[in-house]
Structure formats: C-alpha cells, structure tokens
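Protein chains get the first letters and strands the later ones, always in sequence-line order, with residue 1 at the start of each.
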Amino acid sequence: MAKITAPKGTRDILPDEIYKWQYVEKTFSELCELFGYREIRIPTFESTEVFKRGVGDTTDVVQKEMYTFLDKGGRSISLRPEGTAGVARSFIENGMGSLPAPVRLFYNITAFRYENVQKGRYREFHQLGLEAFGSYGPEIDAEIISLLSAFFERLGLNSVKIRINSIGCPVCRKDYNAKLKKHIEPNLTNMCKTCNDRFEKNPLRIIDCKEEKCKAITKDAPALIDNLCSDCEEHLKELKKNLDILSISYEIDRNIVRGLDYYTRTVFEFVSDHVGTQGTICGGGRYDGLIEEFGGTSTPGIGFALGVERLLMEMEAQQIAAIQPKDPMVYIANLGSEGADMAKKISAKLRKVNVSCQVDLMGRSLKAQMKYASKMNFNYTIVLGEEEIKTGKAKIRNMKNTTEKEIILSDIDLLDFSKEINT
RNA sequence: GUGGGAUUAGCUUAGUCGGUUAAAGCGCCAGUUUGUGGCACUGGAGAUCAUGGGUUCAAGUCUCAUAUUCCACCCCA
C-alpha cells in the first residue's frame with residue numbers, strides 16, 4: 001500500500017509552530033479592531049462564477065490555477081483562490097450597502113491555487129486581509145496602508161518596503177492603452193508570446209513582463225502613472241499627502257500592475273527580499289468597479305491580502321520570535337491506585353481555578369513520571385503516594401529551581417499559581 | 001505548463017568499485033537495588049532504502065518512468 005501523504009503543496013502546521021501563527025493572527029485581528037474593522041467569515045468555496053466575474057476571466061489565477069469541479073448537483077464550484085471576490089459577493093448578498101459607510105471587514109482565510117510549488121508558494125496557503133467598502137477618497141487608502149505599516153511595526157519587522165502605484169481608472173486606461181500600444185507595436189514581433197497575447201487583451205500587463213527582451217522594449221514606454229486622468233492624478237496626489245501626514249515612508253513603483261482584473265487607481269505591495277523570488281508579502285489596492293461588476297449598486301472598495309507563510313518566513317529571516325505559550329503549570333505524579341484517584345480529584349480542582357495540570361495516566365514509575373514532567377517543561381510537580389494520602393500533605397516541587405515546599409492538599413486550589421510560589 | 005537539484009528510522013545524516021544481517025547521532029521506551037527530572041552509562045523498539053519497471057549471479061548503490069520535495073521561469077499572497 002502506498003504511503004499516505006499530504007497532497008502536493010499542502011502542509012501540516014504542527015503544535016511546535018502553531019503559536020507563531022496564533023501570535024500573528026491575534027496581532028492582526030487586534031489591530032484591525034483598533035481601526036474599526038470587524039471579522040467576516042466566508043465560504044471556502046463559491047460558485048465558479050464569483051471568481052470569473054470578480055477576479056477576472058482572463059487572469060492566470062482563474063484560467064490556470066483554480067480548483068474547479070462539479071458538485072453532485074451539477075453546480076460548478078471553485079475553491080477560493082483569494083478573498084476579495086467572496087467578500088464582495090457577501091457584501092451584496094447581505095445588503096451591506098445599506099450599512100453606515102465605510103463598511104470595514106477583515107478576514108483570515110485559507111486560499112487555493114493549483115500552481116507549481118516553490119519557496120513561499122503553496123497550493124493551500126493562508127491570507128490575512130481586509131476590505132473597506134463605500135469610500136472613494138484617498139484618505140481610506142492611506143489609512144489602510146498605515147494599518148499595514150503599524151502591523152509590521154507591532155511584529156517588529158523592519159526593512160519591509162512599501163511600494164505604491166496608480167493604475168488609473170477605465171477612463172485614463174483607455175487613452176493610455178492606446179498610447180502604449182503605439183509605442184510597442186513596431187517591436188511587437190520581437191516580444192514574447194505572452195506579451196503578444198496581452199497586447200490585445202490587457203496591454204497594461206506587458207509592463208510587468210520579466211523577459212529581458214520585453215523589458216528592453218518597455219523600458220522607455222510611457223508609464224500609466226504619467227498619463228492619469230485628472231481625477232486619478234488628484235487621487236494619487238491626495239494619497240501621498242495623507243501618507244505624509246501619517247509619516248508613512250513609501251516609494252512609487254511604476255511597475256506594479258497586479259494580475260487581478262479588479263484593481264483600479266491605488267495599488268500597493270509590501271515587499272521583502274527574504275522570501276526568495278516571492279518577495280511580495282502583501283498586495284492590495286482599490287477596486288471601484290468590482291461591486292458593480294457583480295450586479296450591485298456602484299460602490300467603491302479597497303483592500304489587501306497578506307500571505308501568512310511569507311510573513312512568517314520574513315520573521316524567521318529577521319529572527320523575530322513570536323510570543324511563546326506558557327509552560328504547563330502542575331504535573332501530578334502518583335503511585336498506586338489510591339494515589340491515582342487522588343491525583344484525578346486534585347487535577348479537577350486545579351482546572352476549576354484555571355491552573356493547567358496533567359496527571360500520569362499510564363501507571364509509570366515515579367522516575368519516568370519525573371522525566372516526563374521535566375521534558376514537558378512543567379513549572380511544578382506534586383507527588384501523591386500512600387504517605388501523602390495518609391497525612392493530607394504533600395510537597396510541591398519547583399521544577400525550575402528544584403526547591404520544594406509543603407502544602408495542604410485540601411487547600412491546593414487556594415494557592416496562587418499566578419505568582420511564583422516562594423519556596 | 002517548462003527547466004535543474006534532492007528523496008536511506010520520527011528528525012539530521014553515513015553507506016567505498018554493485019557483494020551477503022543497511023550504520024550513527026538526536027528523539028522515543030525501559031533499566032542502572034525497589035518514592036523524585038535534567039548529567040552519565042546500558043539495553044530496546046523503530047527502515048518495503050519514495051513507488052514501479054529494467055540491467056545483473058547479486059541493486060540503497062547502475063538505468064528508465066512516476067510521485068513528492070527544494071530552487072528557478074511564469075504568476076501571485
């Protein structure tokens with residue numbers, strides 16, 4: 001029989017590392033709440049249509065990377081490749097357009113993409129993200145970027161760079177595309193196949209091509225950021241101003257394009273160089289047309305998603321330790337069946353007052369029990385045997401400094417384990 | 001979808017020119033005079049050598065395919 005293993009591109013997160021995840025998740029949710037965001041949980045899978053319309057029918061994510069299948073009722077279902085489309089669907093379905101604006105939502109999800117695995121890239125991966133609906137102004141763009149900046153600061157991460165760009169709106173993009181195509185057309189035959197496809201479908205993406213020959217041609221191409229319509233120009237200007245007010249440092253990266261169709265105007269990335277070539281820890285932007293695309297009343301939106309795996313790699317690289325869980329408090333070693341019974345009773349008492357404790361349930365030798373308590377980093381050990389049961393008294397041993405103190409067993413739940421027990 | 005490296009015990013690895021019972025450290029379990037951990041010592045369990053073919057008297061070792069993993073292209077978080 002073949003070995004059973006986790007599917008390609010998935011992995012187990014084991015107890016020894018889970019505290020890092022919990023730390024990051026907790027830091028994120030606390031910060032989001034400080035900014036007025038409330039958590040939303042959306043389905044792991046949606047009708048395929050949600051992603052086709054939301055993320056974009058022509059994107060690689062939808063065309064090549066989605067886990068799509070027919071369910072037993074013949075519905076086309078897809079595992080979510082990202083969070084925004086599902087949140088937007090939920091926004092409309094639950095009438096959130098009539099809530100006081102802006103509607104601020106955050107989420108913690110797994111997402112799925114059928115891609116080849118490499119550093120910082122998995123088929124099932126985790127995203128922390130948020131979306132804000134209902135505000136056109138650049139103020140909220142700046143607020144979101146400042147939230148992210150505060151998040152990295154709280155984690156102690158420096159050297160994560162903020163890059164922003166504007167990719168305009170349908171109005172300026174139309175003019176710009178024409179200009180860009182004019183610039184590229186004479187050299188089109190020298191460009192890669194993908195760029196030739198993009199030339200018709202989405203010329204903007206040609207700027208993003210990594211192939212040397214294409215880069216050479218696009219090097220002097222007009223940049224969208226220099227060809228914005230007056231409204232988009234103003235938006236970007238105000239965004240910069242707001243970031244300055246918040247003392248956020250950033251750089252303009254005119255090459256950020258984003259591969260998801262819904263983005264308009266502001267796009268941004270938080271980039272590190274510790275995650276191999278998958279340096280984008282976080283990506284996001286504005287999507288003023290998305291809700292309308294879904295058939296809702298026109299509502300602007302902006303959001304981001306950050307890759308938890310990549311974030312943890314960055315923390316690892318910068319040697320930033322997550323807050324570790326506390327060591328377990330009391331181990332109750334016991335001998336004989338009476339000792340075992342007493343140990344069970346005492347453990348129940350301790351748990352009632354929220355003291356973490358464990359009892360030997362395997363009838364092991366005292367020595368083996370002590371070894372276990374030591375290896376599991378218990379703070380204290382109590383031994384219960386014939387003598388302790390007879391006298392009602394026992395010694396509590398501080399495992400960190402090997403001192404012992406006598407205690408009355410009937411009063412054990414009155415001990416203050418929140419402080420170091422002086423011995 | 002396209003390249004390149006890797007795969008031997010739970011983990012990290014050794015394994016000569018193809019040669020007989022696959023080795024070590026860590027970890028796990030137990031013991032070192034019977035009720036006290038960390039150190040030391042002794043012993044034990046644990047491996048279809050990723051899977052499936054092929055070459056050979058003989059394959060962990062050579063060869064092909066597949067899977068997985070790592071890295072890169074592409075794309076994205």
For a quick test of reading the model: is some side-chain N or O of [X] closer than 4.0 Å to OP1 or OP2 of [N]?
X        : N     : result
A:Gln118 : B:A72 : yes
A:Lys119 : B:C71 : yes
A:Lys375 : B:C28 : yes

Does [X] come within less than 4.0 Å of [Y], counting only side-chain N to carboxylate O?
X        : Y        : answer
A:Glu309 : A:Arg11  : no
A:Asp327 : A:Lys400 : yes
A:Glu30  : A:Lys26  : yes

What nucleotide among [options] has an atom nearest to a side-chain atom of [X]?
X        : options             : answer
A:Leu260 : B:G31, B:A77, B:G37 : B:A77
A:Ser365 : B:C29, B:G37, B:G31 : B:G31
A:Arg397 : B:G37, B:C75, B:G35 : B:G37
A:Gln127 : B:A77, B:G37, B:U2  : B:A77
A:Ser374 : B:A77, B:C75, B:G38 : B:G38
A:Val383 : B:C75, B:G35, B:G38 : B:G35
A:Glu386 : B:G1, B:C74, B:G35  : B:G35
A:Thr280 : B:A77, B:C75, B:G37 : B:A77
A:Thr402 : B:A77, B:G38, B:C29 : B:G38

Of A:Lys8 and A:Ala305, whose nearest nucleotide on RNA chain B comes first from the 5' end?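 Nearer the 5' end of the strand: A:Lys8.
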Of A:Phe378 and A:Asn116, the one whose closest RNA chain B nucleotide lies more 5':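 By nearest-heavy-atom nucleotide position, the 5'-most residue is A:Asn116.
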Measure the distance between the ring centre of A:Phe125 and the centre of the six-membered base ring of B:A77, then answer whether it is under 5.5 Å with planes under 30°.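 Stacking is present between B:A77 and A:Phe125, given that their ring centres fall under 5.5 Å apart and the planes under 30°.
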Rounded [atom1] spacing from [N] to [M] in Å:
N     : M     : atom1 : value
B:G15 : B:C71 : C1'   : 27 Å
B:U61 : B:U55 : C1'   : 14 Å
B:U36 : B:U20 : P     : 48 Å

Just say parallel, tilted or perpendicular for the rings of A:Phe106 and A:Phe28, cut-offs at 30° and 60°.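 Perpendicular: the ring planes of A:Phe106 and A:Phe28 meet at over 60°.
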Can you establish whether the number of heavy atoms outside A:Phe45 located under 6.0 Å from its atom CZ is more than 12?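 It does not: A:Phe45 CZ has 12 such atoms or fewer within range.
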Could you tell me which nucleotide pairs with [N] by Watson-Crick or G-U wobble geometry, both distances under 3.5 Å, or answer none if nothing does?
N     : answer
B:G1  : B:C73
B:C17 : none
B:U33 : none

Do the side chain of A:Glu115 and the base of B:G1 come within less than 3.5 angstrom through a donor-acceptor pair of N or O atoms?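 No pair found.
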Under the 3.5 Å rule, do the base of B:C74 and the side chain of A:Arg121 count as making a donor-acceptor pair?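 Answer is yes: a donor-acceptor pair is held.
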